[in-house]
Enquirer: 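Below is one structure. I have some questions about it.
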Amino acid sequence: MISGFDHVVIAVRDLAAGVAAYETLLGRGVSHRTEQDGVATALIATNNLSVELMAPSGDSEGARRLRVALESGDGLKSLVFATRDLSALHRRAERVGLAPEAIAQRDGYASFRFATHCTHGVRLFALQRDDMPAPANARDDGVSGLDHIVVRTADPERAAALYGARLGLDMRLDREIAGRRLMFFRCGDAVVEIIQQSDAAADSLWGLSWRIANADAARERLVAAGVDVSEVRTGMKPGTRVFSVRNQTCGVPTLMIETSKRVG
C-alpha cells in the first residue's frame, strides 16, 4: 500500500540558509513555499522525493513544538511515505497496531501520522496527493533522486518487524558487516536502510544518500560552491562510486552515489 517516499522533513532555524544549502546540494530550485500557523516551509522536488525544509516563523503551538525539536540542532526529523490509497493504508495501520492518528484533509492532499511510540521514536507519516510537486531548475550535475534513507536502531529484529511485516516494505537484503546488522527494504524505487547501532536509545532517522549521474562532475560543482566534500571512492555496492558531503547539509549525514548503468 506504500508506493514510495513522498518527502522528508528537515527542520532548520534559518529557512533562507537552509534553502541556499539544499539548492546547492541538490542542484535544484525550490518548487513551492508556504507559511502557515507560525511555520514557514520550502519544498525542493527531485525525481522520486521532495525535501521539505521547515523553520519556525511565529509563536503558534506548531512553531513552539518545532523550536523544541530544534534544540538538538538542525536535522532530519520526519519521513513521509506516499500511497495511492490512504484510507486502505490507514485501516491496515490500525489492524497491525500502529495506532494511526485520524486522516487530516488539506488542499490537494490528505495525510496521517503513525503513533511515534509504535514506530520506536521515528516520526513517520503517510500522504496521498492530487499532484506531485514538479522539480524546478534541475541541473545535469545535480541529484536525480534519493537512493536510500538510513535509520539507526538498537533492535534490528524490532525494526524488521516494523518496516517489513507492519509497513509492508519488501526486504531485499539482510547481512552483517563488522558485527553490525544491515537490512535494506525497497520502497518504490528507493530504499530504507536499517543499521544496527547498539547504543541507540531509540530508533532515529540518520542520513540521506542521493543519486548522481557523474560523481566527478557533481563533486566539482560542490567544491566550486564552497562545500566540503571527500574524494570520490569506490562504493560498497559493486558498480558504484561515492563521495561524502561534510557540511552545508543542515546536520544531515549525506552521501552522493554514482551507479553504473550495468548495475540495477
Side-chain angles (χ1 to χ4, degrees), residues 5-46 48-82 86 100-116 119 121-139 142-143 145-146 149 202 204-208 210 222 225-227 245 247-254:
F5 297 131
D6 186 271
H7 67 277
V8 291
V9 176
I10 298 175
V12 295
R13 296 182 180 89
D14 184 332
L15 187 62
V19 166
Y22 268 82
E23 285 187 325
T24 298
L25 180 69
L26 301 180
R28 291 168 177 262
V30 169
S31 300
H32 185 66
R33 293 177 184 265
T34 61
E35 186 164 347
Q36 188 174 4
D37 299 329
V39 175
T41 65
L43 201 70
I44 301 177
T46 73
N48 66 353
L49 166 141
S50 297
V51 171
E52 183 177 42
L53 297 156
M54 180 179 295
S57 62
D59 196 34
S60 66
E61 180 59 30
R64 288 192 289 272
R65 287 197 302 267
L66 186 54
R67 288 190 178 95
V68 170
L70 283 164
E71 288 176 357
S72 58
D74 293 3
L76 187 57
K77 302 300 182 182
S78 303
L79 170 60
V80 183
F81 294 111
L86 191 71
E101 295 180 357
I103 293 175
Q105 299 286 341
R106 299 287 189 268
D107 185 20
Y109 70 91
S111 65
F112 68 83
R113 177 178 172 178
F114 300 93
T116 306
T119 57
V122 179
R123 289 170 52 86
L124 298 178
F125 296 77
L127 186 148
Q128 182 176 0
R129 291 185 187 273
D130 294 341
D131 296 295
M132 293 299 293
N137 304 321
R139 294 176 54 116
V143 308
L146 188 76
I149 184 169
S204 62
L205 299 172
W206 185 71
L208 298 172
W210 299 98
L222 292 175
V227 181
V245 184
N247 68 351
Q248 299 187 45
T249 64
C250 300
V252 182
T254 298

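What you see is a predicted model; the values in this text were computed from it and never measured.
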Enquirer: When rounded to the nearest 0.5 angstrom, what distance separates OG1 in T119 from CZ in R113?
Expert: 8.0 Å
Enquirer: For a side chain to side chain contact (heavy atoms under 4.5 Å, CB included) check, start with the C-alpha distance between L25 and V227, then their side-chain angles and the critical distance, and finish with the verdict.
Expert: CA-CA 8 Å; L25 180 69; V227 181; 5.6 Å; no
Enquirer: Over all heavy atoms of both residues, which pair between W206 and P253 is shortest? Give the atoms and the distance, please.
Expert: O-CD, 3.0 Å
Enquirer: Taking side chain as C-beta onward, heavy atoms only, is R123 less than 4.5 Å from V9?
Expert: no
Enquirer: Check whether R28 reaches the backbone of V143 with its side chain - one donor and one acceptor, N or O, closer than 3.5 Å.
Expert: yes
Enquirer: Roughly how far apart are L146 CG and W210 CH2, rounded to 0.5 Å?
Expert: 5.0 Å
Enquirer: A63 and G58: which non-hydrogen atoms are nearest, and at how many Å?
Expert: CB-O, 3.4 Å
Enquirer: Hey, is the main chain of D130 close enough, under 3.5 Å, to the side chain of Y109 for a donor-acceptor pair?
Expert: no
Enquirer: For a 4.5 angstrom cut-off between non-hydrogen side-chain atoms, does P56 reach L70?
Expert: yes
Enquirer: Find out whether L127 and L86 are in side-chain contact, i.e. whether some heavy atom of one side chain is under 4.5 Å from a heavy atom of the other.
Expert: no
Enquirer: Supply the atom-to-atom distance L76 CG to L205 CG, rounded to the nearest 0.5 angstrom.
Expert: 4.5 Å
Enquirer: So which atom in S60 and which in G38 form the shortest heavy-atom distance, rounded to 0.1 Å?
Expert: OG-CA, 3.7 Å
Enquirer: Report the distance from atom CE of M54 to atom CG of L15, rounding to the nearest 0.5 Å.
Expert: 10.0 Å
Enquirer: For the atom pair OG1 (T116) and CD (E101), what is the distance rounded to the nearest 0.5 Å?
Expert: 7.5 Å
Enquirer: Atom CD1 in I10, atom OG1 in T41: separation rounded to 0.5 Å?
Expert: 13.0 Å
Enquirer: Measure across A225 and T24 and return the closest heavy-atom pair with its distance rounded to 0.1 Å.
Expert: CB-CG2, 3.7 Å
Enquirer: With heavy-atom distances below 4.5 Å as the criterion, would you say the side chains of F5 and N48 are in contact?
Expert: no
Enquirer: Among pairs that include at least one residue of residues 53-64, which meet salt bridge (Lys or Arg N to Asp or Glu O under 4.0 Å), considering only residues two or more places apart or in two chains?
Expert: D59-R64, E61-R64, E61-R65
Enquirer: Please confirm whether the backbone N or O of H7 pairs with a side-chain atom of S50, one donor and one acceptor, at under 3.5 Å?
Expert: no
Enquirer: State whether the side chain of Q248 and the backbone N or O of L222 hold a donor-acceptor pair below 3.5 Å, judged by distance alone.
Expert: no
Enquirer: Could you check I149, L208, V245 and say which one makes a side-chain contact (heavy atoms from CB on, under 4.5 Å) with V252?
Expert: L208
Enquirer: Any side-chain heavy atom of H32 within less than 4.5 Å of one from P133?
Expert: no
Enquirer: So D6 and Q128, do their side chains get closer than 4.5 Å, heavy atoms only?
Expert: no
Enquirer: How close do G29 and I44 get, heavy atom to heavy atom, and via which atoms?
Expert: O-CG2, 3.6 Å
Enquirer: Show the nearest heavy-atom pair for residues C250 and A21, with the distance to one decimal.
Expert: SG-CB, 4.4 Å
Enquirer: Keeping to residues at least two apart or across chains, list the salt bridge (Lys or Arg N to Asp or Glu O under 4.0 Å) pairs with something in residues 66-82.
Expert: R13-D74
